[in-house]
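Notes to accompany the following structure.
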Amino acid sequence: MAKLNLALYWAAACGGCDVAVLDVNEKILDIAAVANIVLWPVALDHKYADVAKMAPGSIDLCLFNGAIRNSENEQIARMLREKSQVLVAFGSCAISGGIPALANLKDRDDILRRVYLETPSTVNPDGVLPQTGCPTPVGDLHLPEFYDFVYSLDQVVEVDYYVPGCPPTPQRIWEVVQAVVSGNLPPRGATVGALDKSLCDECQRVKRDKKIKRFYRSHEIITDPELCLLEQGLLCMGPVTRGGCGTQCINANMPCRGCYGPLPGVTDQGAKYLSSIGAIMDARTPEEVDEIMQGIVDPAGTFYRFGMSTSLLKGAVKQ
Amino acid sequence: MSRRITIDPITRLEGHGKIEIFLNDAGAVDDVYFQIPELRGFEKFCEGRPVEELPRIVSRICGV
């Protein structure tokens, strides 16, 4: 059997998805046995120009992580879409913006000003901000355009499959690679490497009646390690988040922040969560509701921690 | 003749980088530019987030 051509790319990302691929450990050798890697900046030395020379459709599988933050991210996404038979949005950033899309709560110019002019460690007396073009005596230089919105991958190109997680777990990654190698793929557009049930479904904590009198911030409470965190008043996104991660955060006594994304059929994870906590608040009057809601310090940044690009809010909220 | 060598992307590190090397007529290096074509803006979007949430946000600056 001919080897597959495999590309792994990061756009606006942290590299954690790439490291998660390496975390399949010795199975990486099995991947190398069935696949020629044609692009993987974190580990290998291929250049964009090499990929540009490849024929359309000549990459069998591209695992694309990272959000679309600037024009370079978009150009590479378009190039990899053209060259790839199967393009996978890999990880929360590619699927729904992830952590970088928290920037959609801020204004583009405020971001540039803060980063390049105001931060205490910055020395920039001439107030220089990044430009897309810069002439020099030896030749012109070009930087990508910094967009005013962080996009998910499928907001700029067609995506074949989605593998959620921040990052996806190595076990799930291995299952995805096996599915591609064996040709045993689900219908196009499917989410792979996650459950169709909520995180609560795989969470081992004891669940009883949920009646929330107040919400706690994590430093305000010592939680019972056996009991449901949401019942104890910690904002846990488990009820509205796909399972499949193995409840890693909850095992570390931290509530879920929703990185596996919304359940099947749900468009807006944050709105769904607001609706769920509305149902479990132990309040009888609007005033009591207001009081309980005061305990939620940062609703937008918490309920849409990994999904601001694809949320109904999009960039509408500027703080 | 002067020549331009572009290394794009630079690899085996976390992040994005590009190097442009300009050679003069003699083939010696005239000038080199190291460029970072990436910005996410943690410096700004961490503002307004609860402090106890930051360990799980800024850990995504670099996951390598």
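Side-chain atoms are counted along with the backbone in the values below, which use heavy atoms only and exclude waters and symmetry mates. Note on naming: letters A, B, ... go to the chains in the order of the sequence lines (proteins, then strands), and numbering restarts at 1 for each one.
Residue contact with chain A, scored on non-hydrogen atoms closer than 4.5 Å, involves the side chain of B:E20 exclusively. Only the side chain of A:Y116 comes within contact range of chain B, with at least one heavy atom under 4.5 Å from a heavy atom of that chain. Both the backbone and the side chain of B:R12 come within contact range of chain A, with heavy atoms under 4.5 Å apart. Proximity to chain A (any heavy atom under 4.5 Å) is restricted, for B:D30, to the side chain, taken from C-beta onward. There is no contact between A:P299 and chain B, counting heavy-atom distances below 4.5 Å.
The residue among B:I61, B:L39, B:D31 with the most heavy atom pairs within less than 4.5 Å of chain A is B:L39. Chain A forms more heavy-atom pairs under 4.5 Å with one residue of B:V64, B:T6, B:D8 than with any other, namely B:D8. No other option in A:V150, A:T119, A:V115 has as many heavy-atom pairs under 4.5 Å with chain B as A:V115. Highest contact tally toward chain B, considering only A:H219, A:R217, A:R113, A:E118, is held by A:R217 [criterion: heavy-atom pairs under 4.5 Å]. Note on B:Q35, B:E38, B:E53: by heavy-atom pairs under 4.5 Å with chain A, the leading option is B:E53. With chain B as the partner, the residue from A:L143, A:L112, A:L141, A:T302 showing the most heavy-atom pairs under 4.5 Å is A:L141. The greatest number of non-hydrogen atom pairs below 4.5 Å with chain B, out of A:A49, A:A101, A:C17, A:A11, is found for A:A11. Of all the listed residues (A:A13, A:A12, A:G66), the one sharing the greatest number of non-hydrogen pairs under 4.5 Å with chain B is A:A13. For chain A, the option among B:K18, B:E52, B:R4 with the highest count of heavy-atom pairs below 4.5 Å is B:E52. Top candidate by heavy-atom pairs under 4.5 Å with chain B, chosen from A:L102, A:N73, A:V297, A:L44, is A:L102.
Across all non-hydrogen atoms, the minimal contact from B:C46 to B:I57 is SG-CG2, 4.1 Å.
With a 6.0 Å cutoff to the six-membered ring centre and a 45° limit on the axis angle, A:R214 counts as a cation-pi contact of A:Y216.
Ring-centre distance between A:F90 and A:F64: not below the 6.0 Å cut-off.
With a 4.5 Å cut-off on side-chain heavy atoms, A:V138 and B:Y33 count as touching. Using a 4.5 Å heavy-atom threshold, the side chains of A:C259 and A:R257 count as separate. Taking 4.5 Å as the limit, some side-chain heavy atom of B:I19 sits within range of a side-chain heavy atom of B:V32.
The distance from atom CG of A:L8 to atom NE2 of A:H46, rounded to the nearest 0.5 Å, is 10.5 Å.
With hydrogens and angles left out, the side-chain atoms of A:Y48 and A:Q75 include no donor and acceptor closer than 3.5 Å. For the 3.5 Å distance criterion, the side chains of A:W10 and A:D18 fail to qualify, holding no donor opposite an acceptor.
Using a 4.0 Å cut-off between charged nitrogen and carboxylate oxygen, B:E43 and A:R114 do not count as a salt-bridge pair.
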